[in-house]
Amino acid sequence: MAAATEQLLLPQEQPRRRRPVWGLAVAALLLVLLLAAAGPLRPRLFRTPPPAERVALTLLSGAKEKGAVCVDGTPPGYHLQRGSGDGADRWLVHLEGGGWCSTVKECSDSRLSTKGSSNFMKPIRFMGNGILGGDQLQNPDFYNWNKVYVRYCDGASFSGDAEAQAQDGTTLYFRGLRIYEAVIDELMEKGLANATQALFTGCSAGALSMMLHCDDFRARFPQEVSVKCFADAGFFLDEKDISGKRSLWSLYDRVIHLQNVRKVLPKDCLANKEPTECFFPAELIKSIRTPMFILNPSYDSWQVIFNIYFLFLYPHACVRILTVLSMILCQIRNVLVPDSSAPDKSWLSCKENIRNCNSTQVEVLDGLRNKMVNDLKVVEDKEDWGMFIDSCFTHCQSLSGVSWHSPTSPRLENKTIAEAVGDWHSGRSQGAKEIDCKYQCNPTCNSLPPPRDVTAFNRVEIY
């Protein structure tokens, strides 16, 4: 294919005599200058950001003594990139996502990947993308902050505290809560304790983790320190699928009982409801006191699609490790349309891309959106909270440069996600709570690639 392409680029015959091209050259130069003045294209035309340096993996010190270990007993890790300038005393701590393991078999298999073992973790590049990026034009509010990317290897959103025996007789460690506490303690010793501002973030299962620990994170700082939380694509819904089953509720119920998640759940919720219900964001946000910004697509592709390769940092990872990891780790039941709900495959095309859905199917998806909007009504009474609920068919938008802040980013009230989050965080805009209209009403969603290209875990480049 490369050879064929190369041939197409060659002229079919050489011109017999060279013609003046000065006019064309001048016109081209004027066009470049004009486009550069237009704004967003300028950084692409006049400079290429320097290659992002690799950020080393730091393994937690004394992990085994603290009992803060991954599923296989290896020490957990994180990547710390130091800030500079006025960002030297500002910190962004991001919890990685990657789904959940809810059975002994699933958790045992996770030991053959980064989701259960640090043996597979490597240095990463933040790559200048999204909220982790170091380019001021693409990430104006957080580009020079200290940034921490905490790796996820416990399978229960940094919240479990238990053990189990694998079929081969080895021990499975469910120590997510201890990992969270030990990593934050270590970061405090490395400068986090001296922060003047701190933003606690997470994406997908990492956003759920962040919600579970948001108030605890805030309590570690003096009152005068600005501490806020930011949840991206973590607003998972307790919604029946099209067959009438509560698929995600069942998954969460298994996780909670297998990994002893009860310790992190809000006490006021547990007083009146079952622990599984208290694991859902709709209940969690009722108890959270720390200011929070919720970013979520109302047509969250993860909650519609079955085959989301979300247990890995980028979608092609499944293909590369299928010889050692069962396909169950590359797939998980979704909320609305699990595979078993549509045996006639009538939903297959729709759940792969919402643009393929017929009007009847879109009405069903609208029900998912309506459930989310209704569950988020409690946020309206929280003055220092913010929301950006667009109608795009995607998942995790803060870790992608395209969706975070670019000429083709989704917009609400003519603001990109980066602008909305930045205005809320800095106080430039108080109580910005934007909820988009229904699907197809927002043309800025159309520029996003299909969901398989915008999964939560292809944002941070691994080496």
Side-chain angles (χ1 to χ4, degrees), residues 55-82 91-101 107 110-111 113-124 146-164 170-195 198-203 205-222 225 227 229 255-256 258-265 279 290 313 460:
V55 184
L57 174 70
T58 300
L59 296 177
L60 178 67
S61 177
K64 292 186 178 180
E65 292 77 10
K66 299 170 184 175
V69 293
C70 299
V71 174
D72 70 340
T74 55
Y78 58 88
H79 306 269
L80 168 60
Q81 185 178 64
R82 294 288 183 176
W91 287 70
L92 186 154
V93 179
H94 181 90
L95 299 183
E96 182 183 30
W100 308 271
C101 66
C107 295
S110 76
R111 296 177 296 178
S113 75
T114 62
K115 299 310 166 195
S117 174
S118 61
N119 287 334
F120 300 91
M121 298 177 186
K122 297 179 180 181
I124 64 175
N146 297 282
K147 303 187 192 79
V148 185
Y149 189 85
V150 184
R151 303 304 293 269
Y152 178 40
C153 65
D154 67 276
S157 287
F158 294 90
S159 61
D161 192 7
E163 293 181 4
T170 57
T171 301
L172 302 176
Y173 299 93
F174 305 137
R175 300 291 179 76
L177 177 56
R178 300 191 195 190
I179 292 174
Y180 159 75
E181 293 175 340
V183 167
I184 298 302
D185 286 345
E186 185 164 297
L187 292 174
M188 296 294 277
E189 295 175 358
K190 292 188 174 184
L192 180 59
N194 299 320
L199 182 62
F200 193 31
T201 80
C203 172
L208 178 61
S209 309
M210 185 280 300
M211 292 184 197
L212 291 164
H213 298 298
C214 177
D215 281 343
D216 175 84
F217 183 80
R218 201 278 163 261
R220 293 169 178 264
F221 298 88
V225 176
V227 180
C229 299
V255 172
I256 286 170
L258 177 67
Q259 299 215 30
N260 184 27
V261 171
R262 189 183 181 99
K263 292 182 181 179
V264 301
L265 302 178
F279 198 58
T290 306
L313 286 173
V460 182

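By convention here, the first residue in the shown sequence is residue 1.
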Chemist: Using 30° and 60° as the class boundaries, would you call the ring planes of Y149 and H79 parallel, tilted or perpendicular?
Modeler: tilted

Chemist: Could you tell me if the side chain of M121 sits less than 4.5 Å from the side chain of C153, heavy atoms only?
Modeler: yes

Chemist: So, using side-chain contact (heavy atoms from CB on, under 4.5 Å) as the criterion, who are the partners of N119 when residues are at least two apart?
Modeler: D72, T74, S117

Chemist: According to salt bridge (Lys or Arg N to Asp or Glu O under 4.0 Å), who are the partners of R178, at least two apart in sequence or on a separate chain?
Modeler: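 Testing R178 for salt bridge (Lys or Arg N to Asp or Glu O under 4.0 Å), a comparison that skips the adjacent residues, returns D161.
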
Chemist: Are the aromatic ring centres of F158 and Y152 under 6.0 angstrom apart?
Modeler: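 Under 6.0 Å, so yes.
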
Chemist: Can you tell me how far apart CH2 (W91) and CG (L192) are? Round to the nearest 0.5 Å.
Modeler: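 Going from the CH2 atom of W91 to the CG atom of L192 covers 5.5 Å.
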
Chemist: Within this structure, what is the CG-CD distance for the pair D216 and E181, rounded to the nearest 0.5 Å?
Modeler: 6.5 Å

Chemist: May I have all residue pairs that pass side-chain hydrogen bond (donor to acceptor under 3.5 Å, both in side chains) and include part of residues 59-71, sequence neighbours excluded?
Modeler: none

Chemist: Under the rule for salt bridge (Lys or Arg N to Asp or Glu O under 4.0 Å), what residues qualify as partners of R82, not counting sequence neighbours?
Modeler: none

Chemist: Could I get the full list of salt bridge (Lys or Arg N to Asp or Glu O under 4.0 Å) partners for E163, not counting sequence neighbours?
Modeler: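 In terms of salt bridge (Lys or Arg N to Asp or Glu O under 4.0 Å), with neighbours along the sequence ignored, E163 is linked to R175.
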
Chemist: Salt bridge or not between R220 and D185? Use side-chain N to carboxylate O under 4.0 Å.
Modeler: yes

Chemist: Just jot down the side-chain contact (heavy atoms from CB on, under 4.5 Å) partners of A63, sequence neighbours excluded, or say none.
Modeler: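 Checked A63 against side-chain contact (heavy atoms from CB on, under 4.5 Å); matches are L60, V69, P75, P76.
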
Chemist: When rounded to the nearest 0.5 angstrom, what distance separates CG in L212 from OH in Y180?
Modeler: 10.0 Å

